[in-house]
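Heads up, the thing below is written out as structure tokens.
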Amino acid sequence: MKKKIIPLVTLFLAMIWQPTAALSQDQANTEQTKTLRFYLVRHGQTYSNIKEMTIGGGGNAQLTPKGRYDASSLGLGLAEVEFIAGYSSTLGRAYETANQILRGRNMQVKQIDDLKDISWGDAEGGRIDDLTDKFGHSGNDFAFYFGAYNDPAFKSPVNTENMADFSARFEGALRQIATQHADQDGNILVTAHSSMAFYLQKYRVNQPLAGLANTSVSVLEFKDGQFHLIDFNNTDYLESGYARAKALPPLEITLVVNPLTQLQQAGVMEGTTDSDFTDAGDKANQQLHHTLKSTRFIAAYSSELGRGYKTAQRVMADHQIPVQQDNQLNERQRLAQCQPYQLNLRYVVT
């Protein structure tokens with residue numbers, strides 16, 4: 001009798017454990033099939049691009065009007081792409097580009113420092129022509145100044161961050177993002193810089209090093225822990241956005257001047273000096289918020305001065321749209337740098 005019991009027990013245990021093991025394997029397979037697509041976008045045109053300056057990770061450069069328009073147009077061109085998240089480098093030109101692209105999607109752009117541009121080292125903030133004159137190699141001879149993506153021992157003549165170090169930190173940032181979305185399938189926007197081409201070269205080993213156009217799109221697919229390049233330096237999305245932009249109705253811009261501040265009440269031109277609102281100014285902000293509450297906004301901008309930014313925040317409180325600060329909207333400096341409370345208004349030049 002004992003000999004017959006043993007096989008029966010063994011069979012019973014096998015029936016219990018085999019389906020469980022199969023279920024665990026199915027779950028593992030499901031996890032492995034998760035796919036993320038990184039839409040890597042170079043920021044819009046900047047003033048440093050026009051002047052051919054060597055501004056990388058150690059400096060910032062403002063978008064030109066064309067740069068802003070292109071970023072906005074690219075957003076239209078990518079309208080059919082559903083993004084689950086948006087990221088940018090910590091440099092303003094990339095962050096503003098991302099916000100323009102995602103405008104109207106009610107999605108917050110998260111900034112990551114390791115996505116920022118490669119550093120030009122001692123040449124940061126200079127001009128490409130200066131490097132050409134000094135070293136006999138064009139400032140666009142990137143192999144001379146940055147090395148190669150697979151040469152971590154490279155030493156630059158101007159102490160730049162080499163391509164290999166940059167590529168390692170950039171991929172680290174992408175993997176950090178992938179970890180945060182490990183349980184998701186979908187598309188992720190990442191706006192960064194032309195130096196992304198250095199990192200992407202590892203997926204283009206049989207092709208010459210190529211640059212990235214402003215507001216171009218390159219797509220990296222991440223699956224089973226590996227990246228695969230499926231699109232590179234694509235400007236078709238931008239061209240599609242241009243066409244859609246032309247078909248849009250005229251843009252209406254609402255201009256709001258900040259209400260009365262304490263310095264203004266005292267008869268002083270504030271310029272770049274800031275002061276708090278008076279009680280009447282606070283009430284005016286509340287009235288502005290109430291008046292514009294039902295207006296449909298697609299974007300909001302303010303100066304970097306506190307009185308402008310606070311007014312914009314109050315107006316946009318119910319709109320769930322981030323207020324983007326732009327120093328080109330700042331007030332002009334006070335005439336002849338006059339001290340507060342000492343300006344004779346008779347000498348104001350209009």
Side-chain angles (χ1 to χ4, degrees), residues 44 47 60-65 67-69 71-72 75 86 88 90-93 95-111 248-350:
Y47 287 102
N60 202 10
Q62 293 180 342
L63 298 184
T64 64
R68 290 193 180 94
Y69 179 75
S72 176
S88 83
T90 49
L91 296 175
R93 56 192 185 269
Y95 181 66
E96 183 177 357
T97 298
N99 278 291
Q100 288 282 1
I101 293 170
L102 296 176
R103 189 180 63 196
R105 298 197 191 216
N106 192 25
M107 181 178 293
Q108 183 178 5
V109 177
K110 300 174 184 177
Q111 295 175 283
L248 290 174
L251 184 67
E252 294 183 5
I253 299 177
T254 301
L255 299 177
V256 175
V257 178
N258 67 269
L260 189 65
T261 65
Q262 293 175 2
L263 282 178
Q264 290 168 349
Q265 188 177 51
V268 176
M269 287 186 64
E270 284 180 289
T272 55
T273 303
D274 248 331
S275 65
D276 292 332
F277 294 116
T278 62
D279 290 342
D282 284 329
K283 290 180 180 178
N285 272 334
Q286 293 175 13
Q287 183 59 44
L288 280 169
H289 170 248
H290 177 75
T291 302
L292 298 173
K293 188 174 182 178
S294 60
T295 303
R296 181 179 177 275
F297 292 102
I298 60 173
Y301 295 85
S302 83
S303 76
E304 292 182 336
L305 300 175
R307 60 188 185 272
Y309 185 60
K310 289 176 183 176
T311 297
Q313 283 187 310
R314 188 72 186 96
V315 171
M316 303 303 296
D318 295 328
H319 291 275
Q320 297 183 331
I321 294 176
V323 176
Q324 300 179 56
Q325 293 178 283
D326 188 334
N327 62 13
Q328 293 188 84
L329 298 175
N330 288 357
E331 181 67 277
R332 298 178 67 181
Q333 292 183 338
R334 295 188 306 276
L335 184 64
Q337 295 296 312
C338 295
Q339 296 300 314
Y341 303 103
Q342 295 180 353
L343 182 65
N344 188 329
L345 296 181
R346 290 179 299 172
Y347 294 98
V348 174
V349 179
T350 60

**Request:** Evaluate the criterion side-chain contact (heavy atoms from CB on, under 4.5 Å) for residue pair T254 and V256; output intermediate values, then yes/no.
**Result:** CA-CA 6 Å; T254 301; V256 175; 4.1 Å; yes

**Prompt:** Between atom CZ of F297 and atom CD1 of I321, what is the distance when rounded to the nearest 0.5 Å?
**Reply:**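 Result: 8.0 Å between the selected atoms.
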
**Prompt:** Which value, rounded to the nearest 0.5 Å, describes the distance between R93 atom CZ and S88 atom OG?
**Reply:**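 It is 11.0 Å, given to the nearest 0.5 Å.
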
Donor-acceptor pair, side chain of [X] and main chain of [Y], under 3.5 angstrom:
X    : Y    : result
R307 : T273 : yes
T64  : Y47  : no
S275 : L263 : yes

**Request:** Please indicate whether E252 has more than 12 foreign heavy atoms, meaning atoms of other residues, nucleotides or ligands, lying under 6.0 Å from its CD.
**Result:**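 No, the 6.0 Å shell around CD holds no more than 12 heavy atoms from other groups.
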
**Request:** May I ask you to check whether over 12 heavy atoms, not counting those of E304, lie within 6.0 Å of atom CD?
**Result:**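 Atom CD in E304 is crowded, with more than 12 foreign heavy atoms closer than 6.0 Å.
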
**Message:** Taking K310 first and then D282, would you say they form a salt bridge - that is, a charged N and a carboxylate O separated by under 4.0 Å?
**Reply:** no

**Asked** Do T311 and L288 pass the side-chain contact (heavy atoms from CB on, under 4.5 Å) test, and can you show the C-alpha distance, the side-chain angles, and the key distance before you say yes or no?
**Response** CA-CA 9 Å; T311 297; L288 280 169; 4.1 Å; yes

Are side-chain N/O atoms of [X] and [Y] paired as donor and acceptor at under 3.5 Å?
X    : Y    : result
Q62  : D326 : no
Q324 : E96  : no
T272 : E331 : no
Q287 : T291 : yes

**Request:** Test D318 against H289 for side-chain contact (heavy atoms from CB on, under 4.5 Å), laying out the working first.
**Result:** CA-CA 9 Å; D318 295 328; H289 170 248; 2.7 Å; yes

**Prompt:** N99 and P322: which non-hydrogen atoms are nearest, and at how many Å?
**Reply:**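 Nearest heavy atoms, N99 then P322: OD1-CG, 4.1 Å.
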
**Item:** Exercise: identify the closest heavy-atom pair between G271 and L305
**Value:**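 Looking at all heavy atoms of both residues, the shortest contact is O-CD1, 3.7 Å.
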
**Prompt:** Applying the side-chain contact (heavy atoms from CB on, under 4.5 Å) test to Y309, which of N258, D274, V323 qualifies?
**Reply:** V323

**Request:** Apply side-chain contact (heavy atoms from CB on, under 4.5 Å) to F277 and L260, showing your working.
**Result:** CA-CA 6 Å; F277 294 116; L260 189 65; over 6 Å; no

**Asked** Do S72 and R103 have side chains that get closer than 4.5 Å, going by heavy atoms?
**Response**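 SC-SC contact between S72 and R103 confirmed.
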
